Engineer: 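Just passing along the structure, written as structure tokens.
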Protein chains: 2
Amino acid sequence: MKDLQQKIRSFTDVSDSDREFALQFYKKEIFKKGTYLLQPGVFINTFYFIKKGCVSYYMIEEGNTQVMEFFTEGDFFTDLFAYIQETPSDAYLEVLEDTIAYTIYKKDVEKIFEHSHQLERFGRLSMQKAFINNFQRVFQLKNLSNQERYVRLLERRPSLFQRVPQYLIASYLGLTPVGLSKIRKRISTK
Amino acid sequence: MKDLQQKIRSFTDVSDSDREFALQFYKKEIFKKGTYLLQPGVFINTFYFIKKGCVSYYMIEEGNTQVMEFFTEGDFFTDLFAYIQETPSDAYLEVLEDTIAYTIYKKDVEKIFEHSHQLERFGRLSMQKAFINNFQRVFQLKNLSNQERYVRLLERRPSLFQRVPQYLIASYLGLTPVGLSKIRKRISTK
DNA sequence: GATTCTCATTAAACTGGTTTAATAAAAAGT
DNA sequence: ACTTTTTATTAAACCAGTTTAATGAGAATC
């Protein structure tokens with residue numbers, strides 16, 4: 001759990017004993033490609049940390065798959081919207097590659113935050129991080145063209161294009177596969 | 001500061017003494033229409049709570065004003081992105097109506113979170129709220145048509161249309177004024 | 001090795017927006 | 001009250017995407 005320890009440390013200073021307390025609740029799990037960690041209508045009470053692998057977070061709106069996010073190595077994730085609000089999810093979490101993750105139940109996460117002021121702070125800073133990520137998403141969706149968003153994704157997460165089919169990336173960018181293909185062509189011929 | 005007290009209470013249980021501790025740092029301020037609370041290049045070290053009035057949060061991208069949010073009565077706000085990251089802002093916070101707000105400095109916010117575990121938790125839950133708001137924004141930008149977003153805004157924040165010029169609402173929705181006008185016409189003639 | 005399935009590209013017709021510019025109406029300033 | 005400024009609508013030309021359908025190429029299955 002070195003990677004998980006390191007991740008926690010990257011947010012804020014937590015004492016060794018606090019970190020030990022937190023880590024005891026995590027358990028390592030392996031998920032096969034094609035597994036659903038979550039489906040619509042279900043309550044989600046698990047938080048995940050990816051050690052190795054890739055998971056997509058998407059919804060189906062009027063028959064169209066809408067990819068909200070891809071999670072990869074080093075990401076903490078869950079359907080945070082349903083998790084926080086404690087409502088049935090509208091989303092899928094689908095394992096795109098064989099994945100190794102550390103998992104923890106919400107009730108244990110709450111025990112951790114309850115355990116000390118420092119760990120509660122870790123919780124606040126984690127939420128800040130989640131906010132920042134999401135804010136950048138809003139910024140890009142609102143203020144950048146589809147082409148600009150494609151180019152940025154290519155720059156910032158190039159490995160995604162190696163491991164995820166293009167039609168899912170198109171959906172993530174808010175495009176159809178045809179639309180993305182056109183953009184790629186436009187770029188390559190100039 | 002009844003409204004501010006109530007707002008804090010709505011997040012989590014905080015003892016009377018903790019609440020007193022927090023409230024001491026807020027001061028009431030009045031801002032005239034047209035005032036900028038923030039401009040690009042500046043560090044923001046203030047958090048605001050609106051008692052009465054309206055403030056827009058926008059950026060200028062390639063010459064175009066891009067409204068990210070409107071804040072009104074009962075909203076906690078700042079340029080949370082620049083505030084968290086402690087980087088110079090890219091944004092404006094412009095007072096759209098004469099506004100009464102309670103303001104607090106970041107260093108005092110940090111004192112508050114430091115003061116007790118319960119207040120730290122209040123901080124975490126506030127961040128969760130900010131995340132949820134922003135998540136819904138991503139959802140709508142990605143998965144709804146412009147027309148659907150317009151209709152929803154009309155339903156959910158009808159008073160905005162009374163107090164904010166339409167071209168700013170267009171920008172908030174990710175449209176030009178001409179585009180919004182067309183959508184309004186399309187809806188009214190069916 | 002042949003077949004099937006999945007995925008990316010292309011073409012053609014279409015659509016919901018944009019840009020630019022003109023007009024009208026309302027609000028603000030003198 | 002008159003003028004100026006701000007805001008919303010409309011029209012016309014345009015464009016970046018969509019939808020549908022066909023084609024091709026690679027990977028998986030038998």
Side-chain angles (χ1 to χ4, degrees), chain A residues 32-34 54 56 58 60-67 70 92 94-98 140-154 158-190, chain B residues 32-36 54 56 58 60-67 70 92 94-98 140-154 158-190:
Chain A
K32 282 263 165 255
K33 175 176 176 172
C54 185
S56 67
Y58 65 90
I60 297 186
E61 292 289 317
E62 298 174 5
N64 301 313
T65 297
Q66 296 283 0
V67 176
F70 298 107
Y92 298 81
E94 181 180 345
V95 177
L96 298 182
E97 298 171 358
D98 292 359
Q140 294 192 6
L141 285 167
K142 244 201 118 272
N143 303 344
L144 304 184
S145 69
N146 291 318
Q147 180 169 328
E148 285 170 315
R149 280 208 303 288
Y150 167 70
V151 170
R152 288 216 190 181
L153 189 63
L154 208 50
S159 64
L160 223 47
F161 294 78
Q162 262 36 68
R163 62 205 294 192
V164 169
Q166 194 172 296
Y167 69 93
L168 290 180
I169 290 179
S171 168
Y172 174 76
L173 293 168
L175 290 166
T176 60
V178 176
L180 178 53
S181 186
K182 277 188 166 188
I183 287 172
R184 284 161 55 80
K185 188 176 190 190
R186 192 193 307 149
I187 288 171
S188 70
T189 62
K190 77 159 185 221
Chain B
K32 283 263 167 256
K33 175 175 177 174
T35 308
Y36 288 95
C54 185
S56 68
Y58 65 91
I60 297 186
E61 292 290 316
E62 298 174 5
N64 302 313
T65 298
Q66 296 284 0
V67 176
F70 298 106
Y92 297 82
E94 181 180 346
V95 177
L96 299 182
E97 299 171 358
D98 292 359
Q140 294 191 8
L141 285 167
K142 245 201 119 272
N143 304 344
L144 303 183
S145 69
N146 291 319
Q147 179 168 328
E148 285 170 316
R149 280 208 302 288
Y150 167 70
V151 170
R152 287 216 191 180
L153 189 64
L154 209 51
S159 65
L160 223 47
F161 293 79
Q162 261 38 67
R163 61 205 296 193
V164 169
Q166 194 172 297
Y167 70 92
L168 290 181
I169 290 178
S171 168
Y172 174 76
L173 293 169
L175 289 166
T176 60
V178 176
L180 178 53
S181 186
K182 277 188 166 186
I183 286 172
R184 284 161 54 80
K185 188 175 191 190
R186 192 193 306 149
I187 289 172
S188 70
T189 62
K190 79 161 183 217

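To find a chain, count down the sequence lines: A is the first, B the second, and so on, and within it residues start at 1. Everything quoted here is computed from the prediction, not taken from an experiment.
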Engineer: Could you tell me if the side chain of B:Arg149 sits less than 4.5 Å from the side chain of B:Leu153, heavy atoms only?
Structural biologist: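 A side-chain contact under 4.5 Å is absent here.
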Engineer: How do B:Tyr167 and B:Lys182 order along DNA chain D: which one's closest nucleotide is nearer the 5' end?
Structural biologist: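 Nearer the 5' end of the strand: B:Tyr167.
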Engineer: For B:Arg149 and C:dG16, give me the distance from atom CZ to atom P, rounded to whole Å.
Structural biologist: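 Result: 15 Å.
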Engineer: By nearest nucleotide on DNA chain D, pick out whichever of B:Pro177 and A:Pro177 is the more 5' one.
Structural biologist: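 Its nucleotide being nearer the 5' end, the pick is B:Pro177.
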Engineer: What integer distance in Å separates B:Glu62:CD from C:dT18:P?
Structural biologist: 15 Å
Engineer: Rounded to the nearest 0.5 Å, how far apart are CD of B:Glu62 and CD of A:Glu148?
Structural biologist: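 The distance works out to 5.5 Å.
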Engineer: May I ask you to evaluate whether A:Ser181 reaches the phosphate of C:dA8, defined as a side-chain N or O under 4.0 Å from OP1 or OP2?
Structural biologist: no
Engineer: Both B:Val178 and A:Leu180 contact DNA chain C. Taking the nearest nucleotide for each, which residue is further toward the 5' end?
Structural biologist: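 Its nucleotide being nearer the 5' end, the pick is A:Leu180.
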Engineer: Rounded to whole angstrom units, what separation is found between the CG atom of B:Leu173 and the C1' atom of C:dG16?
Structural biologist: 15 Å
Engineer: Ignoring backbone atoms, test whether B:Gln166 places a side-chain nitrogen or oxygen under 4.0 Å from the OP1 or OP2 oxygen of D:dT9.
Structural biologist: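 So the side-chain polar atoms of B:Gln166 do come within 4.0 Å of the phosphate oxygens OP1 or OP2 of D:dT9, strictly under.
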Engineer: Specify the residue among B:Asn146 and A:Arg184 whose closest nucleotide of DNA chain C lies further upstream toward the 5′ end.
Structural biologist: A:Arg184
Engineer: According to a strict under-4.0 Å criterion, is A:Arg186 in side-chain N/O contact with OP1 or OP2 of D:dA16?
Structural biologist: no
Engineer: What contact category does B:Leu175 fall into here, base, sugar-phosphate, or nothing, at under 4.0 angstrom with non-hydrogen atoms?
Structural biologist: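 Result for B:Leu175 = sugar-phosphate.
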Engineer: Measure NZ/B:Lys33 against P/D:dT6 and give the value in whole Å, please.
Structural biologist: 11 Å
Engineer: Could you check whether any side-chain N or O of A:Ser171 sits under 3.5 Å from a backbone N or O of A:Val67, counting only pairs where one atom can act as donor and the other as acceptor?
Structural biologist: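 Between the backbone of A:Val67 and the side chain of A:Ser171 there is a qualifying donor-acceptor contact (under 3.5 Å).
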Engineer: Return the value, rounded to whole Å, for the distance between atom CD1 of A:Ile183 and atom P of C:dT10.
Structural biologist: 14 Å
Engineer: Out of the candidates B:Phe70, B:Tyr92, B:Tyr167, only one should pair with B:Tyr58 under the ring-ring contact (aromatic ring centres under 6.0 Å, His included) rule; please name it.
Structural biologist: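 Going through B:Phe70, B:Tyr92, B:Tyr167 one by one, the ring-ring contact (aromatic ring centres under 6.0 Å, His included) with B:Tyr58 is satisfied by B:Tyr92 alone.
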Engineer: Please state whether the rings of B:Phe161 and B:Tyr150 are parallel, tilted or perpendicular, taking 30° and 60° as the class boundaries.
Structural biologist: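 The arrangement is perpendicular - the two ring planes meet at more than 60°.
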Engineer: Can you check the B:Gln162 CD to C:dA27 C1' distance for me, whole Å?
Structural biologist: 16 Å
Engineer: Rounding to a whole Å, what distance do you find between A:Glu148:CD and D:dG17:P?
Structural biologist: 11 Å
Engineer: Rounding to an integer number of Å, can you tell me how far A:Ile187 CD1 sits from C:dA8 P?
Structural biologist: 16 Å
